[in-house]
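Accompanying notes for the structure given below.
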Amino acid sequence: MNYKIDEAIAAFPIETDANGSLAEKNSYGNGHINDTFLLRCKTPDNKETKFILQRMNHDIFKNPPQLMENVVHITEYLRNMITSRGGDPDRETLNVLKTRQGADYYQDSCGNYWRVFPFIERSFCLEKVENQNNFYDCGVAFGNFQKMLADFPVETLHETIVNFHNTPSRFQDFQKAVKEGYKDRAALAGSEIAFALDRESDTAVLTGLLAEGKLPLRVTHNDTKLNNILFDDDTKKALCILDLDTIMPGLSLYDFGDSIRFGASTGAEDETDLDKVELDLTLFEIFTKGYLKGCAGSLTETEIRMLPMGAKLMTYECGIRFLGDFLTGDHYFKIHRTNHNLDRARTQFKLVADMEKKWAEMAAIVEKAASGR
Ligand code: ADP
Ligand code: GN1
Ligand code: MG
C-alpha cells in the first residue's frame, strides 16, 4: 500500500504551528481495519500533545467522505448532549480535528484518506476484561450510547458498509467464499465450514423479526468490542466510545451481541488453544445487567428475550466473516501470522457451540436481569 503519511501530517495543524515539532509517529492499537498512528508532538514550551492519525481503509469503507460526514455529525451531536449534561466533551466523545484548510479529512496524493482525533489523555484501552467492573461499565456505556442517539436524525446517516450485520447476506458471501476460495485452504477448514453451513437456519432469525416489525431499528454502533472503548485512568469507568465508522441503523442486539462475543469469552479472539475458549456466564450476566441499565428501560420485551440470540448470531457472523476471509486470501481483516483468520474463526465457532450448550442458562440470566433480580 502506497501512502504519504508525512504529507497527511503536514495537512493538519499539529506540528509546525508556532514552531512545535513532531517527536514521534508510531503504529498504534489493535484494530483490524484502519491504519492507526500515535503522533507525539512537542509544543514550543516543550509540552507534549498527542494525536491519533488514521488512514481510513477505503477498500472496506467505499466512501470515506460520507463516512466522515457521519462521524462529524455524530460527534457534534454527542458533544452538545454531553455539554448539556455537564460532562467533558473533550474526553467523553471523539472530536475530529480539521485540516489547515478546514476540512474534516485529508486525501493524499496517492488517493488515501486521513483523519486526526486529539488523543484522549489519562485513559486506557483493554483487549481483555481485567475486572468485572470494567465489563459492567462497558455494558452501561454501550447501552447509554444507544440511548443518547435515540433521537438522532437517522435519515441523515449514510450506510458506510451495506448489509453490515445482515447475517443472511453474510451467509451468502460465505457460501460464495467456500465455492470460489482457495481449495487448499478449504481442505484445512473442513470441519469449520461444515459447522457454519449447518447453522444456516439461525441466520435469518433477527432480520426476520425486523422485517415483521417485531424488532425496532435503532441507531447502533455495530462494532462494540472492548477495545473500542476508553476507560478513565482515575475513575476506571468507561469514558469514551471509539471507532464510530459503522454507526448505522441497526438492532440493539447487534451491539449487545458483539460485546459479548469479544468481552465475555475466556480466551482471546485469536487464541489457538480452544480449551481456553468458552462463554463466561458471570461476564455474560454482568454485561447484561450493565447494558440493561444503560438502555434504561428503552428495550422492548422481544429485544430482551432475543439478547442471547444477539450474542450467538454476532459471534457466528464474525466467525463466517473470518473464515470467508481466510478462504479467499485474507484481504479484509489484517493478519499477523499464517492462518490467523482461521484461528479467529475457530474461536468464534467454539464460543457459538458453548453458547448452544449454555442456552438455557443464558436465557435465565437475561430473564433474571430484566426483572431486576
Ligand atoms: P480500527 O477501526 O482499526 O479498529 P480504532 O478507531 O478502533 O481503529 O482505533 C484503534 C485504537 O486506537 C483503539 O483501540 C484505541 O486504543 C486507540 N484510539 C483511537 N482513538 C483514540 C483517541 N482519540 N484517544 C486515545 N486512543 C485512541
Ligand atoms: C473489525 O475495526 P475493528 O478491529 O474494531 C470489524 C468488526 C469485527 C471485528 C472483529 C468495519 O473491527 O466488524 O467484528 O474487526 N470492523 C469492520 O474483531 O469490519
Ligand atoms: Mg477498533
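Counting starts at 1 for both ligands and their atoms, in listed order.
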Please walk me through it: do Phe12 and Thr99 pass side-chain contact (heavy atoms from CB on, under 4.5 Å)? CA-CA 4 Å; Phe12 290 89; Thr99 66; 3.6 Å; yes
Does the salt bridge (charged side-chain N to carboxylate O under 4.0 Å, His left out) test come out yes or no for Asp6 and Lys25, once each step is laid out? CA-CA 10 Å; Asp6 293 325; Lys25 54 171 194 272; 3.0 Å; yes
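Close to ligand 2: Asp243, with a non-hydrogen atom less than 4.0 angstrom away. By the 4.0 Å heavy-atom criterion, Asp245 is excluded from the residues contacting ligand 2. A heavy-atom separation below 4.0 Å is not found between Phe262 and ligand 2.
Proximity annotation for atom 8 (C) of ligand 2: of His32, Gln348, Arg321, Glu269, Arg321 comes nearest, heavy atoms only.
For Asp232 and Arg91, the salt-bridge test passes: some basic side-chain N is under 4.0 Å from an acidic carboxylate O. Using a cutoff of 4.0 Å between basic side-chain nitrogens and carboxylate oxygens, Asp258 and Arg261 are scored as salt-bridged. Between Glu278 and Lys358 there is a salt bridge, with a side-chain nitrogen of the basic residue lying less than 4.0 Å from a carboxylate oxygen of the acidic one. Salt-bridge formation is detected for the pair Glu303/Arg218: a Lys NZ or Arg NE/NH1/NH2 atom is positioned less than 4.0 Å from an Asp or Glu carboxylate oxygen. Salt bridge status for Asp343 with Arg337: present, with a side-chain N to carboxylate O gap under 4.0 Å. The pair Glu130-Lys236 does not count as a salt bridge, with every side-chain nitrogen at least 4.0 angstrom from each carboxylate oxygen.
With respect to atom 2 (O) of ligand 2, the closest heavy atom belonging to the protein is Ile33 CG1, 3.2 Å. The shortest contact between atom 11 (C) of ligand 2 and any protein heavy atom is with Phe61 CZ, 3.6 Å. Ranking protein heavy atoms by distance to atom 9 (C) of ligand 2, first place goes to Lys225 NZ, 3.6 Å. At the top of the distance list for atom 12 (O) of ligand 2, counting protein heavy atoms only, stands Asp223 OD2, 3.1 Å. Shortest contact from atom 19 (O) of ligand 2 to any protein heavy atom: Tyr332 OH, 2.5 Å.
At a heavy-atom cutoff of 4.0 Å, ligand 2 is contacted by no atom of Asn30, backbone or side chain. Contacts between Arg261 and ligand 2 below 4.0 angstrom, taking non-hydrogen atoms only, involve the side chain exclusively. Counting heavy atoms closer than 4.0 Å to ligand 2, residue Tyr254 contributes nothing at all.
Annotation: side chain of Met309 is in contact with side chain of Trp359 (closest heavy-atom distance under 4.5 Å). Side-chain atoms of Asp245 and Phe61, non-hydrogen and from C-beta on, do get closer than 4.5 Å to each other.
Here the closest non-hydrogen pair linking Thr328 and Gly181 is CG2-CA, 4.2 Å.
For the Mg ion (ligand 3), the nearest N, O or S atom contributed by Asp243 is named OD2.
The salt bridge (charged side-chain N to carboxylate O under 4.0 Å, His left out) test applied to Arg305 returns no partner, not counting sequence neighbours.
In the vicinity of Gly31, heavy-atom distances shorter than 4.0 Å reach the ligand 2 atoms 4 (O).
Within the cation-pi definition used here (under 6.0 Å to the ring centroid, within 45° of the axis), Arg199 qualifies as a partner of Phe195. A cation-pi arrangement is not found for Arg321 relative to Phe333, the charged atom failing to lie both closer than 6.0 Å to the ring centre and inside a 45° cone about the ring normal.
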Polar pairs, ligand 1 vs protein, N/O only, below 3.5 Å.
from	atom 1	to	atom 2	distance (Å)
ligand 1	2 (O)	Asn34	ND2	3.0
ligand 1	2 (O)	Asp243	OD1	3.3
ligand 1	2 (O)	Asp243	OD2	3.1
ligand 1	3 (O)	Asn34	N	3.1
ligand 1	4 (O)	Asp243	OD2	3.0
ligand 1	6 (O)	Gln54	NE2	2.9
ligand 1	7 (O)	Asn228	OD1	2.9
ligand 1	7 (O)	Asp243	OD2	3.0
ligand 1	8 (O)	Gln54	NE2	3.2
ligand 1	9 (O)	Gln54	NE2	3.3
ligand 1	14 (O)	Asn227	O	2.7
ligand 1	23 (N)	Pro118	O	3.2
ligand 1	24 (N)	Ile120	N	2.9

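For Asn34, every N, O or S atom stays at 2.8 Å or more from the Mg ion (ligand 3).
For a threshold of 3.5 Å applied to N or O pairs, the pair formed by Asn228 and ligand 2 contains at least one separation below that value.
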